[in-house]
Participant: 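Quick one: structure below, then a few questions.
Small disclaimer: the values here were computed from a predicted structure and weren't measured. By convention here, the first residue in the shown sequence is residue 1.
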Amino acid sequence: MPLLAARPPHPSRHPSHRPSRPSRLTVASLASALVAALLVLLPSTAATAAPTLLSQGKSVTASSSEGAGTPASAAVDGNNGTRWSSQFSDPQWIQVDLGAAAQLSQVVLRWETAAAKAYRVELSTDGANWSTAYSTANGTGGVQTHDITGTARYVRVYGTQRTTGYGYSLWEFQVYGTTGGTGPQLPGGGDLGPNVIVFDPSTPNIQAKLDEVFAQQESAQFGSGRYQFLFKPGTYNGLNAQIGFYTSISGLGLSPDDTTINGDVTVDAGWFGGNATQNFWRSAENLALNPVNGTDRWAVSQAAPFRRMHVKGGLNLAPSGYGWSSGGFIADSKIDGQVGNYSQQQWYTRDSSIGGWSNGVWNQVFSGTQGAPAQAFPEPRYTTLDTTPVSREKPFLYLDGSEYKVFVPAKRTNARGTSWGNGAPQGSSIPLSQFYVVKPGTSAATMNQALAQGLHLLFTPGVYHVDQTIQVNRADTVVLGLGLATIIPDNGVTAMKVGDVDGVKLAGFLVDAGQVNSPSLLEVGPAGTTTDHAANPTTVQDVFIRVGGAGAGKATVGMVINNHDTIVDHTWIWRADHGDGVGWETNRSDYGFRVNGDDVLATGLFVEHFNKYDVQWNGERGRTIFFQNEKAYDAPNQAAIQNGSVKGYAAYKVADSVNTHEGWGLGSYCYYNVDPTIRQDHGFQVPVKPGVKFHDILVVSLGGNGQYEHVINNTGAPTSGTSTIPSTVVSFP
């Protein structure tokens, strides 16, 4: 099977390599921790008032972290059993963004054994210019309480000398003070609105409610209805939850096995004559299923993730009658029985465990999946990687007792199998009170106020029109959608932009182009950034882009990734080929997915039908595991897609300047039904360099509507005739 090569360091960004830190939890350190915990209960002799804790759960960044288990966020989570620790060098810092300017009165530092001897407490209103509120060259560790004065939004501890040979390590970094005088603060938390439907095992008539929503959503492909079903932990008997468009079903436990349905979660294709190729925009997450007949049916196509599921039986990915289907994506799931692929043209399964896999049409890709079939491309068409190089599972809503929280899983390296199969998952929890709960009618200005205030965003099911860009500029911000919440820019703005910061998590929403052309619909990072985010990358998961279909829409580019180290984990970026507002110029969008950042990883990349390049990759050391593409159906003639002397724009274009790039399991299909005589020189266009490598790639002409001359550059046999047989290349160069 192909192996993932180790990533070389970026010449301008040098990651630190060091041996694992040994365990230091001795009797002495336990005693120290106990003393520190007891000190928390004692009143400070220096404090003159009871200040308000401002820092807990707020956005926090650091100069470095020792590893994934000791992130900066652990120092502001209110848990004295978790900690931030830095790399083993001087200087190092940790910085909290309070979300708004505050009158500060006190900073409490709960040091682990690895403390700071010399350090400063610094304040800033803008995160760039700092003043010193406290400094010492003789720190003693333990619990240090410092009374300070000043007005600031940002507070940082800047260490210049350590007490040990290890890094700096804080159990908690607490900032106290008062806010006010700058206008009303937006509240966090609150109810989730009428389209989030919550069940517990004692709820009457659950099946009737499931059926009511399905009747409305079964064929509402471009409708405005949005729904989220949430099942509290417990056991539910005799249910068949049929899942239609813009409907998500999820359990509210910390583990899928906390919520068991003795029954099925079903997607079929009766609404479309047994053809599942348009079963888009729906999801199932965080549930355990005991299917009634032993096998659950999940017959979907693009934008229909199956995450964090435990199927105690088999899983059938085909519709009744084995009609066509064009999915799909499984992640962090366990299927005890066999997965029946049957008619699925392509599928990607990541970091999961399966009892077996049958069939394969064109392109079946597995990474980090226990029980996956052996590498076998081109016959059968299996691309299998033993592990996934970097992954972090999608954030999800759960119940901790009676309190809603969002769990944010930790980053994994070289993952294999589920994140939850061996006990509690690694990660952190954020109370719902730290989220602004966005409901239909909320303005972009209010969303931006909430973000500036230090809140995360939770979009409830609905359609949101925005007249200004949603600006996500704080590290570690979570933007999570329920029920395929949909954002539409009304006046040609970019719907959402992420700043040059660590660890933003975008998940579970759809961005729909507006009638006025937007330069882009989603941008992660500013152009030209050089910041290394490898320790805490931004993740974009189940974030879908649509241009046209629900009405005329335009965008020059769908999604742009500028930040280094970003992980794009399952996206469908789609210029519509059917629905309303569809035409070569009506829903014009030249480029689907553009990557300018270095060390970007795409796992599960679906991009279709753009007027020019579907994917443009300009950054160094990019990697893609699974790619699915169809060229634009509606090209009027050969001249409309002519790219200089090249016939047609490649589906996947790597810039000539790139020296290192790698891809596994990539496919491009053409269906030029307006002019079937159109020819593409190739599906993939890349520089011929030792560091540019592709494994298991293919092109297909669907029924002879257009043809490819080659697979990649000038390599690979042409497609021909109407047989719909792929032309493949096992390895390039």
Participant: Is the CD atom of Gln515 crowded by more than 12 outside heavy atoms at less than 6.0 Å?
Facilitator: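 For Gln515, atom CD is not crowded (no more than 12 foreign heavy atoms under 6.0 Å).
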Participant: Would you call Asp97-Lys58 a salt bridge at under 4.0 Å N-O?
Facilitator: no
Participant: Answer yes when Asp542 and Lys394 have at least one side-chain N-carboxylate O distance shorter than 4.0 Å, and no when they do not.
Facilitator: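 Lys394 and Asp542: salt-bridged.
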Participant: Just wondering, are more than 12 heavy atoms of other shown residues or ligands nearer than 6.0 Å to CD in Gln426?
Facilitator: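 Open.
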Participant: Taking atom types as modelled, find out whether Thr277 and Ser301 have a side-chain donor-acceptor pair closer than 3.5 angstrom.
Facilitator: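 No pair is found: no donor N or O on one side chain lies under 3.5 Å from an acceptor on the other.
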Participant: Going by heavy atoms in the side chains, are Phe626 and Thr603 under 4.5 Å from each other?
Facilitator: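 Not in contact.
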Participant: Return yes if a side-chain donor-acceptor contact under 3.5 Å exists between Thr388 and Ser391, otherwise no.
Facilitator: no
Participant: Are a donor atom and an acceptor atom from the side chains of Asp614 and Asn629 found within less than 3.5 Å of each other?
Facilitator: yes
Participant: Closer than 4.0 angstrom, basic N to acidic O: yes or no for Asp332 and Arg308?
Facilitator: yes
Participant: Could you please spell out the steps behind the salt bridge (Lys or Arg N to Asp or Glu O under 4.0 Å) verdict for Asp268 and Arg297?
Facilitator: CA-CA 7 Å; Asp268 208 338; Arg297 185 183 301 279; 3.7 Å; yes
Participant: With side chains defined as the heavy atoms from C-beta onward, is the minimum distance between Val300 and Trp347 less than 4.5 Å?
Facilitator: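 When only atoms from C-beta onward are counted, Trp347 and Val300 do touch, with a gap below 4.5 Å.
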Participant: Testing the 3.5 Å rule here: is there a donor-acceptor pair between the side chains of Ser352 and Ser333?
Facilitator: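 Ser333 and Ser352 do not have a side-chain donor-acceptor pair below 3.5 Å.
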Participant: Return yes if a side-chain donor-acceptor contact under 3.5 Å exists between Gln346 and Ser326, otherwise no.
Facilitator: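 Yes, side-chain donor-acceptor contact under 3.5 Å.
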Participant: Check whether any side-chain heavy atom of Pro291 sits under 4.5 Å from a side-chain heavy atom of Val311, and report yes or no.
Facilitator: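 Yes - at least one pair of side-chain heavy atoms lies under 4.5 Å apart.
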Participant: Testing the 3.5 Å rule here: is there a donor-acceptor pair between the side chains of Arg546 and Asn587?
Facilitator: no
Participant: With a cut-off of 6.0 Å (strictly less than), are more than 12 heavy atoms of other residues, nucleotides or ligands near CG of Asn205?
Facilitator: no
Participant: Taking Gln228 for the side chain and Gly483 for the main chain, is one N or O donor matched with an acceptor at less than 3.5 Å?
Facilitator: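 The answer is yes, because a donor-acceptor pair under 3.5 Å joins these two groups.
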Participant: For the pair Arg350 and Glu393, find out whether any cationic side-chain nitrogen is under 4.0 Å from an anionic carboxylate oxygen.
Facilitator: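 Looking at Arg350 and Glu393, the cut-off is met.
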Participant: Using a strict cut-off of less than 4.0 Å between a Lys/Arg side-chain nitrogen and an Asp/Glu carboxylate oxygen, indicate whether Asp191 and Lys439 qualify as a salt bridge.
Facilitator: yes
Participant: Please determine whether a side-chain nitrogen of the Lys or Arg among Asp569 and Arg307 lies less than 4.0 Å from a carboxylate oxygen of the Asp or Glu.
Facilitator: yes
Participant: Could you give me the CA-CA distance, side-chain angles and deciding distance for Tyr464 and Phe459, then say whether ring pair (Phe, Tyr, Trp, His ring centres under 6.0 Å) is met?
Facilitator: CA-CA 9 Å; Tyr464 299 86; Phe459 281 86; 5.1 Å; yes
Participant: Compare every heavy atom of Ala299 with every heavy atom of Pro319, then report the nearest pair and how far apart it is.
Facilitator: N-CB, 3.4 Å
Participant: Pairing donors with acceptors under 3.5 angstrom, does anything connect the side chains of Gln434 and Gln56?
Facilitator: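 No donor-acceptor contact under 3.5 Å links the two side chains.
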Participant: Test side-chain hydrogen bond (donor to acceptor under 3.5 Å, both in side chains) on Asp211 and Asn240 and set out the steps.
Facilitator: CA-CA 9 Å; Asp211 292 345; Asn240 180 20; over 6 Å; no
Participant: Indicate whether the side chain of Thr538 and that of Asn563 have a donor and an acceptor atom separated by less than 3.5 Å.
Facilitator: no
Participant: Can Asn491 and Asp467 be counted as having a side-chain donor-acceptor contact under 3.5 angstrom?
Facilitator: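 Looking only at side-chain atoms, Asp467 and Asn491 do not form any donor-acceptor pair under 3.5 Å.
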Participant: Give me the one residue out of Phe329, Trp574, Trp281, Phe606 that meets side chain to side chain contact (heavy atoms under 4.5 Å, CB included) with Gln302.
Facilitator: Phe606
Participant: Considering residues, nucleotides and ligands other than Lys334, do more than 12 of their heavy atoms fall under 6.0 Å from its NZ?
Facilitator: no
Participant: Answer yes if the ring centres of Phe231 and Tyr236 are under 6.0 angstrom apart, and no otherwise.
Facilitator: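 Close enough - the centres of the two rings lie under 6.0 Å apart.
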Participant: Determine the interplanar angle of the His570 and Phe544 rings, folded into 0 to 90°, and report it as parallel if under 30°, tilted if 30 to 60°, perpendicular if over 60°.
Facilitator: perpendicular
Participant: Quick one: does Thr571's side chain get under 4.5 Å of Val540's, heavy atoms only?
Facilitator: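 Of all side-chain heavy-atom pairs linking Val540 with Thr571, none is under 4.5 Å.
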Participant: Any salt bridge between Arg588 and Asp590, counting N to O under 4.0 Å?
Facilitator: yes
Participant: Tell me, do Trp572 and Ile545 make a side-chain contact under 4.5 Å, heavy atoms counted?
Facilitator: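 No, side chains not in contact.
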